[in-house]
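I have placed the structure first, in the form of structure tokens, so that the comments after it can refer back to it.
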Amino acid sequence: MTENNSMSNAEPSISEQQAIRKEKLNQLRELNVNPYPYSYDVTHTSAEILADEDSYITTTPDEPGDAKRVSVAGRVMTRRIMGKASFFTLQDSKGTIQVYIRRDDVGVEEYNKVFKKMVDIGDIVGIKGYVFKTGTKETTIRAEEFEFLSKTIRPIPTPKEVENEDGEKVTYDAFTDKEQRYRQRYVDMIVNPDVRDTFRKRTQIVQTMRNMMNERGYLEVETPILQPIYGGAAAKPFVTHHNALDMDLYLRIANELYLKRLIVGGFDGVYEFSKDFRNEGLSRFHNPEFTQVELYVAYKDYNWMMDFMEEMIEKVALALHGSTTVTVGENEINFERPWPRIPMYEAIENETGHDLSGKTTEEIFDIAKSLHIDVDESMGKGKLIDEIFGETVEHKLIQPTFITDYPIEMSPLAKKHRTKEGLVERFEAVCNGKEIANAFTELNDPVDQRERFEEQARLKADGDEEAMAVDEDFLRAIEYGMPPTAGIGIGIDRLAMIMTNSDSIRDVLFFPQMRPE
RNA sequence: GAAUCGGUAGCUCAGCUGGUAGAGCAACGGCCUUUUAAGCCGUGGGUCGAGGGUUCGAACCCCUCCCGAUUCACCA
């Protein structure tokens, strides 16, 4: 970053429309109208009225008598002014409802000088009135009182949705520029209501998972984000500095090692929804900060964890869609239990015809070359196998699938397989061609763990930036004894992408990372 | 980091082999008391992403840079 500070926000020159709207603020105050009052008594949302409209509608709107009164608040999204009466669409958090406002209902001054002259699309207003159906059978609130709640001084995009002859919805002037949608998510949410729906679903995913873990009696905990030693995953960290301690700290890349300390401490099950940070590239699938849930359960192994995950994700699909089947792009993905469980070597053999079990590093290297996979001499056995899997198998796994039993070289925190030499008890859940979870029977043999860390340290010394550091405190913890434990990390962003049929991680993050404007 | 495509009014977009910018919606002034992309008449609005170059003349051609999307590479 240079001298010219990109954090500063010099006020840009304003458009004609902004100038006009600012002037309206002065005019409103001259009319003794507060453009920014303090509260409003909202009795109904648009959705509550529309869901039960028969109980609200009066058939004699010109003589409403004791028809039910409603007050709603929201944003003016469209306007149709016809002289002495007008229609406008009011959008609140639950949807939209049409409002009909007449000069002779709200008063000449209020209608002519305030409503007609001062209201812009985007303004937040409150309406009190009663409900009727128009000639074209649209349920509409007839306003008896109108109030400004917040005057907008910046024009918002004005998309228009209409049904064509075939009954299809066509949107004109939709707000589609992705850069602006991400940078100004607030505008995106105002004019693209399905965006709000995506984020509601994301929260529903988290809540469904949290509820299930709570029902099982697992404890939701919080562990440090600022860590003196980062670990628990293979990734490059962000570094920051603590002034008072005069030491560098890392933003966590995973919370695994802290959660396992808590299992040592005596909890049977702990979980944390955690923002993790990895100093790597951005893409459709990667944001520098992302969310995982990690869960550790004592006295269980990875077989149990597969059962648990199936059940949890099936619940999520049902909660969001009322079905185990979810449409993602061109695929129908079915999360109904049980999911196939395929050992990694078997998955590779099924796809390529090569059985890697018992093969030497050199033999696997040659197989990779024969499959036209980009490999080099520096790659270890585990890395080579991972490359082969990634290139030949992973993207083909559309339906949820557990890939089990990984090479020990790639898994320094997982326990050796109880029967298969050279492998660990680890699985990844793959769905729509992408990993959505990673889990193992946790390594609780402290001597073995120390050796694995030392191997990582050798890799780090050889220049592997993603190799783990030896975490002496973590070793000390498991030297005190950690019970047999199953652990899992589930990527919430990836899961949300699948469950909401989003093709970019940016669509499931409110504020994806962007370069400064 | 590389390649491709893109950045023109508040929004969505035109703009030909170079002749200093247009449309619809939005805004502004009128008319209009059941409209719904409301309609009709009229008006204004632009650092054409930024900077340099070529040219009599650049939104357009050339160079550099900024921002974004997509694909690829690393990664969850």
Side-chain angles (χ1 to χ4, degrees), chain A residues 2 6 12-21 23-24 61-62 77-89 96 98-105 111 116-117 120-122 132-138 140 142 152-164 169-184 187 191 233-236 253-254 276-292 374 383 386-387 390 394 428-430 434-438 465-466 489-495 497 503-506 512 514-517:
Chain A
T2 57
S6 67
S13 61
I14 64 172
S15 69
E16 177 192 44
Q17 292 197 40
Q18 285 170 274
I20 289 167
R21 289 182 183 214
E23 175 54 27
K24 284 179 178 176
D62 288 327
M77 297 305 284
T78 66
R79 276 192 316 163
R80 294 172 288 283
I81 295 178
M82 302 165 304
K84 299 176 188 66
S86 301
F87 289 92
F88 64 93
T89 306
T96 62
Q98 180 170 262
V99 178
Y100 181 49
I101 182 168
R102 297 160 47 113
R103 184 194 69 183
D104 296 341
D105 290 345
Y111 182 79
K116 272 173 68 174
K117 290 292 183 187
D120 286 298
I121 289 175
F132 75 110
K133 260 197 199 273
T134 63
T136 52
K137 301 284 183 265
E138 176 158 353
T140 300
R142 182 152 161 179
T152 171
I153 59 170
R154 197 182 273 272
I156 65 169
T158 53
K160 308 230 170 168
E161 196 176 69
V162 65
E163 278 185 25
N164 65 13
K169 282 190 175 174
V170 183
T171 304
Y172 296 85
D173 299 337
F175 182 57
T176 54
D177 184 286
K178 290 208 171 186
E179 179 173 1
Q180 296 210 69
R181 291 181 57 196
Y182 298 144
R183 287 192 193 280
Q184 302 186 44
V187 176
V191 301
K236 292 172 210 152
I253 59 172
D276 293 340
F277 306 84
R278 297 190 184 173
N279 207 342
E280 291 164 353
L282 287 80
S283 81
R284 202 153 66 84
F285 296 100
H286 301 87
N287 195 65
E289 55 182 289
F290 66 103
T291 306
Q292 283 197 92
D374 197 16
K383 182 72 181 163
D386 194 38
E387 285 293 319
E394 190 174 30
E428 289 193 3
V430 181
K434 282 279 170 186
E435 176 193 339
I436 58 170
N438 181 23
E465 288 183 86
E466 295 186 348
I490 301 173
I492 298 297
D493 313 283
R494 294 271 175 93
L495 183 60
M497 284 170 67
D503 58 15
S504 172
I505 196 170
R506 299 182 190 101
M514 304 284 276
R515 286 198 163 83
E517 284 180 77

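Each chain gets a letter, A, B and so on, in the order its sequence line appears, and its residues count up from 1. Atoms considered below: every heavy atom in the structure, side chains included; atoms not considered: hydrogens, waters and symmetry mates.
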Is [X] near enough to [N] that one of its side-chain N or O atoms lies under 4.0 angstrom from OP1 or OP2?
{"X": "A:Arg515", "N": "B:G49", "answer": "no"}
{"X": "A:Arg21", "N": "B:A27", "answer": "no"}
{"X": "A:Arg80", "N": "B:A38", "answer": "yes"}
{"X": "A:Lys117", "N": "B:G30", "answer": "yes"}
{"X": "A:Lys24", "N": "B:C28", "answer": "yes"}
{"X": "A:Lys160", "N": "B:A26", "answer": "yes"}
{"X": "A:Arg284", "N": "B:U71", "answer": "yes"}

Indicate, yes or no, whether a donor-acceptor pair under 3.5 Å links the base of [N] to the side chain of [X].
{"X": "A:Asp173", "N": "B:G24", "result": "yes"}
{"X": "A:Thr134", "N": "B:U35", "result": "yes"}
{"X": "A:Gln17", "N": "B:A26", "result": "yes"}
{"X": "A:Gln98", "N": "B:U35", "result": "yes"}

**Message:** Once you apply a heavy-atom cut-off of 4.0 Å, does A:Ser15 come out as touching a base, just sugar-phosphate, or nothing?
**Reply:**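 Sugar-phosphate only.
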[X] side-chain proximity, nearest of [options]:
{"X": "A:Thr140", "options": "B:U12, B:A27, B:U35", "result": "B:U35"}
{"X": "A:Arg79", "options": "B:C67, B:A27, B:U34", "result": "B:A27"}
{"X": "A:Thr158", "options": "B:U34, B:G44, B:G10", "result": "B:G10"}

**Item:** RNA chain B: 5'-proximal contact among A:Pro157 and A:Thr291 (nearest heavy atom)
**Value:**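 That would be A:Pro157.
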**Request:** Can you sort out the partners of A:Lys24 under side chain to side chain donor-acceptor pair (under 3.5 Å), two or more places apart, ordered by chain and number?
**Result:**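 Only A:Asp120 meet the side chain to side chain donor-acceptor pair (under 3.5 Å) criterion with A:Lys24.
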**Message:** With a 4.0 Å cut-off on N to O distance, would you call A:Asp177 and A:Arg183 a salt bridge?
**Reply:**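 A:Arg183 and A:Asp177: not salt-bridged.
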**Asked** Has A:Tyr172 got its ring stacked on the base of B:A37, with centres under 5.5 Å and planes less than 30° apart?
**Response**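 Ring-base stacking flag set for A:Tyr172 and B:A37.
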**Request:** With a 3.5 angstrom cut-off on both distances, give the Watson-Crick or G-U wobble partner of B:U64, or none if there isn't one.
**Result:**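 With both distances under 3.5 Å, B:U64 matches B:A50.
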**Asked** Would A:Tyr100 and A:Phe88 count as a close aromatic pair, with their ring centres under 6.0 Å?
**Response**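 When the ring centroids of A:Tyr100 and A:Phe88 are compared, they turn out to be at least 6.0 Å apart.
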**Cation-pi check, A:Lys116 onto A:Tyr111 ring (under 6.0 Å, within 45° of axis)** =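 Cation-pi check for A:Lys116 and A:Tyr111: fails.
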